[in-house]
Amino acid sequence: MFFYPDFAILVYMLDIKFIRENKDLVQEAARKKRLDFNVGDLLTADDKRLSILKEVETFRALQNEANQKVAGALNSEDRNVVIEEMKLVKEQLQKKEDELKEVFIEWQKLMVQVPNIPDMSVPEGDSDAENSEFKTHGDKTIFDFEPVSHIDIMSNLDMIDLERGTKVAGFRGYFLKNDGFRLSFALWQHAVETAQKFGFSPIMAPSLLRKEPFIGTGYLPQGEEDLYKTQDSEYLSGTAEVPIMGYMMDEVIPENSLPLQYLGFSPCFRREAGSHGKDVKGLIRVHEFYKIEQVVLCEARHDESVKWHETLLEVAESYMESLGIPYRVVVNCTGDLGLGQVKKYDIEAWVPKEEKYRETHSISYFHDFQTRRLNIKYKDTEGKLRFAHSLNGTLSATPRLLVSLVENYQQADGSIKVPEVLQKYLGKDTITKNQS
RNA sequence: GGAGAGGUGGCUGAGCGGUUGAAGGCACUGGUUUCGAAAACCAGCAUACGGGCAACCGUAUCGAGGGUUCAAAUCCCUCCCUCUCCGCCA
């Protein structure tokens with residue numbers, strides 16, 4: 001348990017013992033993740049911390065011993081002798097404690113930068129350009145006409161209003177109307193039903209959150225730039241992963257209740273601070289959207305994490321398959337992993353107009369990186385308290401998913417065929433003009 | 001927005017300067033009892049770091065930070081959080 005001064009809360013990190021025993025592994029992780037981090041600096045700081053701590057503890061032991069004497073002293077003379085002695089000790093102790101504090105702050109600064117170790121199976125690379133495709137599903141849609149963009153299709157069918165979106169909400173603003181609205185709800189409904197078959201319980205989660213769950217999940221302090229902040233110092237979350245993980249924060253999960261499978265639904269807010277020139281048109285990249293997110297807490301075993309990681313992918317794939325959207329799955333390379341991520345899969349959906357696969361899902365696991373910081377524990381079979389493992393992954397992010405959906409299902413006359421699984425929600429098999 | 005109350009171990013809840021890592025209860029573990037179980041009774045039971053082969057020893061932790069003191073869960077200051085009442089509001 002450590003004090004992180006900038007945020008004034010307690011933060012857990014990768015275990016220092018583990019780092020000491022596996023310094024090469026950690027250094028290698030930093031290199032693979034393309035992070036500028038030197039384990040040697042941390043270990044030097046840790047040696048210093050431990051040696052000063054030892055001195056401080058010796059003084060404190062002396063002081064505690066004297067306390068017993070004072071308390072048990074029969075006459076005030078004996079008492080005064082000890083008290084006078086302790087006054088001298090106090091001065092020395094004070095000095096050492098100041099030293100310790102200084103070293104400790106330096107140590108903490110380095111500790112929060114320690115990356116989690118990527119899995120062996122993660123390919124090495126600098127950026128998302130080197131993510132490795134390992135699976136495709138569905139053939140890229142073939143049209144006997146020139147396909148148009150989702151913007152044209154949806155504007156034409158009065159499903160979207162981007163001009164007024166910008167007028168009212170500013171850059172990247174949008175309105176979803178009529179069947180645009182209905183299609184979104186249909187996607188959500190279908191997502192909930194899909195996940196239910198896999199045992200997930202749905203939760204509507206808040207997005208306006210205190211900083212603690214952001215620090216715990218790893219979005220702060222590193223990602224401050226990407227978050228909206230209110231005048232009351234709360235932040236708007238960019239994914240339900242944050243509130244759902246916060247849900248169990250500082251708790252001990254009752255015995256025999258793992259794994260916990262949540263399906264979080266929430267509005268999501270992202271500043272997109274580093275991507276001003278990217279995807280400036282349409283629904284691919286917006287500041288405000290909705291997402292249904294899978295979150296799992298499981299026993300602290302690598303094989304459990306791996307098993308659940310594959311399951312989250314399976315759930316997302318079965319969702320995409322049922323929608324009939326062509327997609328591929330990539331393993332994200334080391335340089336594209338977050339500080340805490342061990343491994344990540346992205347699902348990318350085919351976008352005909354762009355003739356590109358675009359990311360719609362992101363599914364990752366963290367081992368105990370997040371639960372350590374969030375202080376989420378459970379009792380294992382030996383009765384020992386352990387940090388759980390955590391995972392999360394997209395199930396349905398709208399409106400981004402609409403882009404691929406409407407473009408793949410567009411028809412020559414400008415109408416959109418409704419995927420079979422969604423027809424019951426829309427009450428029709430085709431979206432046409434003037435039916436909105 | 002106004003006025004109060006409070007933050008102590010896995011949970012509940014006492015303590016309000018020194019013998020308190022912290023009473024009591026619950027939960028949990030072991031034992032006695034029982035054909036078995038429940039109940040009852042007895043015992044054990046916090047976490048982290050450091051040292052030791054080990055029994056064990058040292059240090060820290062009573063929301064956070066700072067201060068007073070030889071000594072702080074206990075006194076003072078600042079901050080954070082929670083609850084209750086009033087007002088406003090979906």
Side-chain angles (χ1 to χ4, degrees), chain A residues 1-21 42-43 45-105 107-108 111 204 206 208-216 220 229-235 246-258 267 300 368 371-388:
Chain A
M1 207 186 268
F2 307 106
F3 178 63
Y4 187 72
D6 290 356
F7 287 91
I9 70 145
L10 298 164
V11 177
Y12 286 83
M13 303 153 230
L14 216 63
D15 189 5
I16 182 68
K17 233 192 231 164
F18 175 87
I19 299 168
R20 287 190 149 281
E21 285 163 13
L42 173 62
L43 295 188
D46 194 46
D47 287 340
K48 220 158 128 193
R49 179 190 133 251
L50 288 177
S51 86
I52 298 174
L53 184 64
K54 215 166 193 173
E55 292 182 69
V56 167
E57 286 188 353
T58 309
F59 278 123
R60 283 186 188 155
L62 199 65
Q63 203 172 55
N64 288 340
E65 201 185 325
N67 283 347
Q68 301 296 325
K69 272 193 222 161
V70 172
L74 294 173
N75 57 67
S76 57
E77 216 168 289
D78 292 349
R79 235 176 137 96
N80 287 337
V81 170
V82 178
I83 289 175
E84 285 311 309
E85 276 173 19
M86 283 307 105
K87 280 184 181 171
L88 295 173
V89 170
K90 187 194 180 182
E91 266 177 57
Q92 294 169 281
L93 175 61
Q94 193 73 51
K95 238 171 82 188
K96 278 290 159 199
E97 281 190 331
D98 289 346
E99 240 176 277
L100 180 64
K101 197 179 292 175
E102 207 175 298
V103 172
F104 187 63
I105 287 171
W107 179 84
Q108 277 193 120
M111 277 299 275
M204 269 201 207
L208 184 60
L209 313 174
R210 291 215 273 255
K211 61 188 173 310
E212 285 81 355
F214 289 96
I215 294 168
L220 284 177
K229 192 176 183 179
T230 72
Q231 65 266 48
D232 298 317
S233 299
E234 288 138 338
Y235 293 84
Y247 189 71
M248 291 311 292
M249 152 174 99
D250 289 321
E251 294 196 29
V252 175
I253 296 162
E255 283 172 76
N256 303 320
S257 50
L258 287 180
D368 63 359
T371 51
R372 214 170 248 289
R373 295 162 72 116
L374 285 162
N375 191 23
I376 299 174
K377 295 179 182 165
Y378 72 100
K379 247 188 198 153
D380 68 12
T381 44
E382 272 119 53
K384 198 172 149 47
L385 286 175
R386 301 191 63 183
F387 293 112

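Within every chain, numbering begins at 1; the chains are lettered A, B, ... in the order of the sequence lines, protein sequences first and strands thereafter.
With the 3.5 Å cutoff on both pairing distances, Watson-Crick and G-U pairs in RNA chain B assemble into runs of at least 3 at B:1-7 with B:80-86, B:10-12 with B:24-26, B:28-32 with B:40-44, B:46-51 with B:56-61, B:63-67 with B:75-79.
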Kindly determine whether Met86(A) and Val89(A) satisfy side-chain contact (heavy atoms from CB on, under 4.5 Å), including the steps that lead there. CA-CA 5 Å; Met86(A) 283 307 105; Val89(A) 170; 3.8 Å; yes
Take Lys377(A) and Asn375(A) through the test side-chain contact (heavy atoms from CB on, under 4.5 Å) and record every step on the way to the result. CA-CA 6 Å; Lys377(A) 295 179 182 165; Asn375(A) 191 23; 3.4 Å; yes
Run the side-chain contact (heavy atoms from CB on, under 4.5 Å) test on Glu234(A) and Lys229(A) for me, step by step, so that the C-alpha distance in whole Å, both residues' side-chain angles and the decisive distance to 0.1 Å come before the verdict. CA-CA 6 Å; Glu234(A) 288 138 338; Lys229(A) 192 176 183 179; over 6 Å; no
Does the side-chain contact (heavy atoms from CB on, under 4.5 Å) test come out yes or no for Asp250(A) and Glu212(A), once each step is laid out? CA-CA 11 Å; Asp250(A) 289 321; Glu212(A) 285 81 355; over 6 Å; no
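The same atom, P, is picked in U47(B) and in C42(B); the two are 25 Å apart, to the nearest Å. Distance noted for atom P between G25(B) and U82(B): 33 Å (whole Å). For the C1' atom pair drawn from A46(B) and A22(B), the interatomic distance equals 11 Å after rounding to whole Å. Using atom P as the reference point in both A43(B) and C81(B), the two lie 45 Å apart (nearest Å). The gap from the C1' atom of C62(B) to that of G13(B) amounts to 13 Å, rounded to the nearest Å. Nucleotides C75(B) and A5(B) are separated by 15 Å at their P atoms, to the nearest Å. Taking atom P in both U19(B) and C26(B), the straight-line distance is 27 Å, to the nearest Å. Rounded to the nearest Å, the gap between the P atom of G9(B) and that of A64(B) is 10 Å.
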Name each donor-acceptor pair under 3.5 Å that joins a side chain in residues 50-57 of chain A to protein atoms two or more places apart or in another chain, with its distance.
unit_1, atom_1, unit_2, atom_2, d
Ser51(A), OG, Lys48(A), O, 3.4
Glu55(A), OE1, Lys96(A), NZ, 3.2

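For Asp98(A), the side chain to side chain contact (heavy atoms under 4.5 Å, CB included) partners two or more places apart in sequence, or in a different chain, are Gln94(A).
Taking a 4.0 Å limit (strictly below) on heavy-atom distances, residues 82-90 of chain A reaches RNA chain B at Ile83(A), Met86(A), Lys87(A), Lys90(A).
Rounded to whole angstrom, the span from the CE atom of Met249(A) across to the P atom of U82(B) amounts to 10 Å. Rounded to an integer number of Å, the gap from Asn80(A) CG to U69(B) P is 16 Å. The nearest whole Å value for the distance from the CD atom in Glu97(A) to the P atom in G67(B) is 10 Å. Distance, Arg386(A) CZ to A48(B) P: 12 Å, rounded to whole Å. Residue Leu93(A) contributes atom CG, which lies 13 Å from atom C1' of U69(B) at whole-angstrom precision. Going from atom CD1 of Ile253(A) over to atom C1' of C11(B) covers 16 Å, rounded to whole Å. As a whole-Å value, the separation of Asn375(A) CG from A46(B) C1' is 13 Å. What separates CG of Leu100(A) from C1' of A60(B) is a distance of 11 Å, to the nearest Å.
The two atoms that bring Arg210(A) and Phe214(A) nearest to each other are O-CD1, 3.2 Å, heavy atoms only. Closest heavy-atom contact between Phe387(A) and Ala300(A): O-CB, 3.2 Å.
Counting heavy atoms from C-beta on, the side chains of Leu93(A) and Lys90(A) never come closer than 4.5 Å. By the 4.5 Å heavy-atom criterion applied to side chains, Ile19(A) and Met111(A) are counted as neighbours. A 4.5 Å side-chain heavy-atom check between Tyr235(A) and Leu208(A) finds every atom pair outside the cut-off.
Within the 3.5 Å criterion, the main-chain N or O of Ala388(A) finds a donor-acceptor partner in the side chain of Thr371(A).
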Detail all sub-3.5 Å separations between protein N/O atoms and N/O atoms belonging to nucleotides 73-81 of chain B.
unit_1, atom_1, unit_2, atom_2, d
C81(B), O3', Arg210(A), NH1, 2.9
C81(B), O3', Arg210(A), NH2, 3.2

Is there any protein nitrogen or oxygen under 3.5 Å from a nitrogen or oxygen in nucleotides 53-58 of chain B, and what are the pairs?
unit_1, atom_1, unit_2, atom_2, d
G58(B), N2, Glu57(A), OE1, 3.4

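Closest to the side chain of Asn67(A), out of U19(B), G18(B), C49(B), is G18(B). The nucleotide whose nearest atom lies closest to any side-chain atom of Val70(A) is, among C49(B), G18(B), G50(B), G18(B). Ranking G18(B), U19(B), C49(B) by closeness to the Leu53(A) side chain, first place goes to C49(B).
The side chain to side chain contact (heavy atoms under 4.5 Å, CB included) test with Tyr378(A) is passed by exactly one of Glu251(A), Arg386(A), Met248(A): Arg386(A).
Of the two residues near RNA chain B, Gln94(A) and Ala66(A), the one whose nearest nucleotide lies more 5' is Ala66(A).
Contact check, Lys69(A) against C70(B): no side-chain N or O comes under 4.0 Å of OP1 or OP2.
Of the inter-residue distances, the one linking Phe59(A) atom CZ with Glu97(A) atom CD reads 10.0 Å to the nearest 0.5 angstrom.
In this structure, Asp47(A) pairs ionically with Arg20(A), as a charged nitrogen and a carboxylate oxygen lie closer than 4.0 Å.
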